[in-house]
Amino acid sequence: MKKIESIQIWQNGTTKTATHLQVQGTSVTLNESASFYWQLITEEGHQVANGNLGISGDVYKAWNADDDYIYEIVASDLNLTLVSEE
């Protein structure tokens with residue numbers, strides 16, 4: 001799980017604040033593609049948004065099983081900013 005710049009999410013008639021991005025691999029076709037499930041999580045640990053993202057081609061080839069790279073790809077796709085936790 002990675003910290004993100006807080007964003008407001010409308011969920012079931014109320015606004016929630018997402019503070020973390022969680023990404024899990026769901027499938028890999030070796031030398032071809034990979035799929036990931038993502039969730040936006042509140043500070044209290046509640047999921048407020050989720051979805052799936054696939055990578056292939058040059059993006060897949062650049063992956064090299066680097067978790068940080070996948071977080072960057074997902075964050076970029078969702079227009080999120082990752083925040084370093086020091």
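Keep in mind that what you see is a predicted model, and the values were worked out from it rather than measured.
- Distance check: Ile41 CD1 to His20 NE2 gives 9.5 Å after rounding to the nearest 0.5 Å.
- Counting heavy atoms from C-beta outward, Trp63 and Ile73 have side chains that stay 4.5 Å or more apart.
- Between the side chain of Thr26 and the backbone N or O of Tyr37 there is no donor-acceptor pair closer than 3.5 Å.
- At distances below 3.5 Å, not a single donor-acceptor pair connects side-chain atoms of Gln39 with backbone N or O atoms of Gln24.
- Atom CG of Leu53 is separated from atom CG of Leu78 by 7.5 Å, given to the nearest 0.5 angstrom.
- Minimum interatomic distance between Tyr60 and Thr29 (heavy atoms only, all atoms of both residues): OH-O, 3.8 Å.
- For the residue pair Ala34 and Val28, the shortest heavy atom distance occurs at CB-CG2, 4.0 Å.
- In this structure a side-chain-to-backbone donor-acceptor pair under 3.5 Å is present from Tyr69 to Val59.
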For Leu82 and Lys3: C-alpha separation, side-chain torsions, deciding distance, then whether side chain to side chain contact (heavy atoms under 4.5 Å, CB included) applies. CA-CA 6 Å; Leu82 296 172; Lys3 189 168 180 68; over 6 Å; no
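- Here CG of Leu80 is found 8.0 Å from CH2 of Trp38. Values are rounded to the nearest 0.5 Å.
- Heavy-atom contacts from other residues, nucleotides or ligands closer than 6.0 Å to CG of Asn52 number more than 12.
- The CG atom of Asp68 sits 3.5 Å away from atom NZ of Lys2, with the distance rounded to the nearest 0.5 Å.
- Taking both residues in full, the closest heavy atoms of Ile4 and Ala18 are given as CD1-O, 4.0 Å, listed atom of the first, atom of the second, then distance.
- At a threshold of 4.5 Å between side-chain heavy atoms, the hydrophobic network of Ile, Leu, Val, Met, Phe, Trp and Tyr places Ile70 and Val83 in two separate groups.
- Counting heavy atoms from C-beta outward, Leu40 and Leu21 have side chains that approach closer than 4.5 Å.
- Here NZ of Lys16 is found 11.0 Å from CD of Gln8. Values are rounded to the nearest 0.5 Å.
- One finds the CD atom of Glu72 at 7.5 Å from the CG atom of Asp66 (value rounded to the nearest 0.5 Å).
- In this structure, Tyr71 contributes its side chain and Met1 its backbone to a donor-acceptor pair below 3.5 Å.
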